[in-house]
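Please read the structure below before turning to the comments.
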Amino acid sequence: QVQPVESGGGLVQAGGSLRLPCAASGRSLSSHGTGWFRQAPGKEREFGAAISWGGGSTYYADSVKGRFTISRDNAKNTVYLQMNSLKPEDTAVYYCAAARDAGIYPQGAMYPYWGQGTQVTVSS
């Protein structure tokens, strides 16, 4: 089975940028739709962005639309989340997840494969 592995988290000032890569061990990530979710302290996990297996379709939550960009390089078996104009409210643990098929979904239940998460902290 596919096992997503996130990296790239860290501390950044408001207005700054970070890029989060999601690589995969086990099976290739390229045959799966892939999503990014986040969970802030004391809050429920929320959807951020998703991309189809081929990269031709993307979907964003309103809270990140226009600031975040999801992309993938299947030759490198990696999905990226480029985060620009970061705000303190973007502070959360960010999770990469692989869907059960090639589609894109905002519902976490459609993603059976999850990474361990990477912490993003945005200071004001």
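What you see is a predicted model; the values in this text were computed from it and never measured.
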message: Under the rule for side chain to side chain donor-acceptor pair (under 3.5 Å), what residues qualify as partners of R19, not counting sequence neighbours?
response: none
task: Mind listing the closest non-hydrogen atom pair of A14 and S124 along with its distance?
output: CB-CA, 4.3 Å
message: So, using salt bridge (charged side-chain N to carboxylate O under 4.0 Å, His left out) as the criterion, who are the partners of E46 when residues are at least two apart?
response: R38
task: Find out if a path of hydrophobic residues (ILVMFWY) with successive side-chain heavy-atom gaps under 4.5 Å connects V12 to L20.
output: yes
Identify all side-chain donor-acceptor contacts of residues 53-62 below 3.5 Å with residues at least two apart in sequence or on another chain.
from	atom 1	to	atom 2	distance (Å)
Y60	OH	I70	N	2.9
D62	OD1	K65	NZ	3.3

Donor-acceptor list for residues 26-33 side chains, cut-off 3.5 Å, not counting sequence neighbours:
from	atom 1	to	atom 2	distance (Å)
S28	OG	S30	N	3.0
S28	OG	S30	OG	2.7
S28	OG	N77	OD1	3.3
H32	ND1	A99	O	2.7

- prompt: In terms of hydrophobic clustering (I, L, V, M, F, W, Y; side-chain heavy atoms under 4.5 Å; direct or indirect links), are Y111 and V93 co-clustered?
  reply: yes
- prompt: What's the shortest heavy-atom distance between G8 and L18, and which atoms?
  reply: O-CD2, 3.9 Å
- prompt: Within a radius of less than 6.0 Å around CD of Q116, do more than 12 heavy atoms belonging to other residues, nucleotides or ligands occur?
  reply: no
- request: Determine, using the 4.5 Å side-chain heavy-atom cutoff (strictly less than), whether M110 and I51 are members of one ILVMFWY cluster.
  value: no
message: Closer than 3.5 angstrom, by distance alone: can the side chain of T91 be matched with the main-chain N or O of V122 as a donor-acceptor pair?
response: yes
task: With sequence neighbours excluded, tell me which residues meet ring-ring contact (aromatic ring centres under 6.0 Å, His included) with W114.
output: F37
Please list every donor-acceptor pair under 3.5 Å in which a side-chain atom of residues 79-89 meets a protein atom from a residue at least two apart or in another chain.
from	atom 1	to	atom 2	distance (Å)
Q82	NE2	N84	OD1	2.9
N84	OD1	S17	OG	2.9

- prompt: Between S123 and L11, which heavy-atom pair has the shortest distance, and what is it?
  reply: CB-CD1, 4.3 Å
query: If we only count heavy atoms from C-beta on, is the W36 to V64 side-chain gap below 4.5 Å?
result: no
- request: Nearest 0.5 Å please: distance from the CZ atom of R72 over to the OG atom of S52.
  value: 7.0 Å
Nearest heavy-atom neighbours spanning A98 and P112: O-CD, 3.3 Å
message: So for atom CD, which belongs to Q13, do other residues, nucleotides or ligands contribute more than 12 heavy atoms lying within a distance under 6.0 Å?
response: no
- request: Could you check if a side-chain atom of E6 sits within less than 4.5 angstrom of a side-chain atom of Y94, using non-hydrogen atoms only?
  value: no
